[in-house]
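Note that the structure is a prediction, hence the values are computed from the model and not measured. Numbering of residues begins at 1 and proceeds along the displayed sequence.
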Amino acid sequence: MASMVTLRTSQALATRQRLVDVATELFTSQGFSAVTTTVLSEEAGVTRGALYHHFANMTEVMEAVFEQAESSLVEAVIRALESVDDPRQRFLALGGVTLDVVARDPVLLRIVFMEAPAALGWARWRALDGGRSLALIRGLLDDLANSNELVAGVEPGVAAQLILGAINEAGMHAAASTKGPASAAGQLELMCRGLLVRR
């Protein structure tokens with residue numbers, strides 16, 4: 001009996017993941033507004049009933065797609081920053097590394113900075129984005145604060161929110177521009193540099 005329950009759970013998780021993966025492909029190629037429950041279920045090879053078993057509507061599908069994409073983005077940024085030993089240089093590289101990751105992955109760029117904000121609305125998108133991304137930035141700032149590298153008056157919690165907002169705006173700019181993210185990376189570094197004490 002226990003093995004049957006485990007099998008059903010495993011199959012349910014596989015179906016949900018299949019829906020998220022196919023939705024990611026469709027949202028990237030066609031845009032969120034063009035994808036219906038019928039299209040998604042047919043492309044995923046499942047019934048609409050199976051789709052509604054996991055998601056109440058397409059907005060919930062987008063939330064799952066965004067959370068997966070945003071998690072992938074944060075993990076890639078963390079891996080890239082691990083190669084930078086100096087905390088100051090790691091902080092200064094944050095914006096450029098983030099934009100470089102999305103420049104090399106058009107799926108992340110489109111989902112995180114175009115389709116998800118439009119589909120979910122600013123408030124919901126920002127709430128979902130304020131977890132792992134904000135924690136990463138806050139951690140970098142806390143490291144700098146602990147080693148007295150931040151200028152007087154910088155509040156890491158507030159500064160992390162502002163930097164996340166700037167990176168998100170840069171990502172949206174990159175997603176909407178044919179020039180890509182390169183032009184914004186330098187501006188993000190200058191902004192971050194202003195929070196550091198001069199050596």
| request: Evaluate the side-chain contact (heavy atoms from CB on, under 4.5 Å) criterion for residues L195 and L144: first the C-alpha distance (whole Å), next the side-chain angles of each, then the deciding distance (0.1 Å), finally the verdict. | output: CA-CA 10 Å; L195 302 179; L144 292 167; over 6 Å; no
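- The distance from atom CD of E43 to atom CG of L26, rounded to the nearest 0.5 Å, is 5.5 Å.
- For residues 137-154, every residue pair satisfying the salt bridge (Lys or Arg N to Asp or Glu O under 4.0 Å) rule, not counting sequence neighbours, is listed here: R88-E149, R138-D142, E149-R199.
- Remark: T28 OG1 to I111 CD1 distance equals 3.5 Å, nearest 0.5 Å.
- Cluster annotation: V65 and M114 are assigned to distinct hydrophobic clusters (Ile/Leu/Val/Met/Phe/Trp/Tyr, side-chain heavy-atom contacts under 4.5 Å, transitive).
- Nearest heavy-atom pair across L109 and G171 is CD1-O, 3.9 Å.
- For V84, the side chain to side chain contact (heavy atoms under 4.5 Å, CB included) partners are Q89, R90, not counting sequence neighbours.
- Sorted by first and then second residue, the salt bridge (Lys or Arg N to Asp or Glu O under 4.0 Å) pairs involving residues 65-80 (not counting sequence neighbours) are E70-R132.
- Criterion: ILVMFWY side-chain heavy atoms under 4.5 Å apart, direct or through other members. Under it, V197 and L141 are part of a common hydrophobic cluster.
- With a 4.5 Å cut-off on side-chain heavy atoms, P156 and L150 count as touching.
- By the side chain to side chain contact (heavy atoms under 4.5 Å, CB included) test, N146 pairs with no residue at all, sequence neighbours left out.
- In this structure, Q17 places its CD atom where more than 12 heavy-atom neighbours from other residues, nucleotides or ligands lie under 6.0 Å away.
- Here ring-ring contact (aromatic ring centres under 6.0 Å, His included) pairs that include residues 96-124, with residues two or more places apart or in two chains, are W122-W125.
- Checked against I163 for a side chain to side chain contact (heavy atoms under 4.5 Å, CB included), the options L188, N168, I137 give a single hit: I137.
- In this structure, the side chain of S83 engages the main chain of A80 through a donor-acceptor pair within 3.5 Å.
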| Could you go step by step and tell me if D105 and L73 meet the side-chain contact (heavy atoms from CB on, under 4.5 Å) rule? | CA-CA 9 Å; D105 191 333; L73 171 58; over 6 Å; no
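- Atom CG of L134 is separated from atom CD of Q161 by 4.5 Å, given to the nearest 0.5 angstrom.
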| said: Checking L196 against V151 for the side-chain contact (heavy atoms from CB on, under 4.5 Å) test, could you report, in this order, the C-alpha distance in whole Å, the side-chain angles of both residues, the deciding distance, and whether it holds? | reply: CA-CA 5 Å; L196 299 176; V151 297; 5.7 Å; no
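- Nearest approach of A76 to V101, heavy atoms of both residues: CB-CG1, 3.8 Å.
- Residues forming a salt bridge (Lys or Arg N to Asp or Glu O under 4.0 Å) with R48 (at least two apart in sequence, or on another chain): none.
- In this structure the side chain of T37 reaches within 4.5 angstrom of the side chain of M58, judged on heavy atoms.
- For N57, the side chain to side chain contact (heavy atoms under 4.5 Å, CB included) criterion is met by T59, E60, not counting sequence neighbours.
- Screening residues 113-128 for salt bridge (Lys or Arg N to Asp or Glu O under 4.0 Å) gives E63-R124, R110-E115 as the qualifying pairs, with residues at least two apart or on separate chains.
- Legend: residues meeting side chain to side chain contact (heavy atoms under 4.5 Å, CB included) with A118, ordered by chain and number and at least two apart, are absent.
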| request: Begin with the C-alpha distance, continue with both residues' side-chain angles, and end with the deciding distance and a verdict on side-chain contact (heavy atoms from CB on, under 4.5 Å) for V61 and L19. | output: CA-CA 8 Å; V61 175; L19 286 163; 6.0 Å; no
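- Distance check, rounded to the nearest 0.5 Å: CD of E155 to CG of L162 gives 10.0 Å.
- Under the ring pair (Phe, Tyr, Trp, His ring centres under 6.0 Å) criterion, F27 pairs with F32, not counting sequence neighbours.
- Nearest approach of V112 to P117, heavy atoms of both residues: O-CD, 3.4 Å.
- Between D21 and Q68 the shortest side-chain heavy-atom distance falls below 4.5 Å.
- Rounding to the nearest 0.5 Å gives a distance of 11.5 Å between CZ of R104 and CG of L99.
- Pairing each heavy atom of S133 with each of L164, the nearest pair is CB-CD1, 3.7 Å.
- Listed by chain and number, the residues in a salt bridge (Lys or Arg N to Asp or Glu O under 4.0 Å) with R198 amount to none (sequence neighbours excluded).
- Applying the salt bridge (Lys or Arg N to Asp or Glu O under 4.0 Å) test to pairs two or more places apart or on separate chains, none has a residue in residues 24-41.
- Rounding to the nearest 0.5 Å gives a distance of 8.0 Å between CD1 of I167 and CG of L136.
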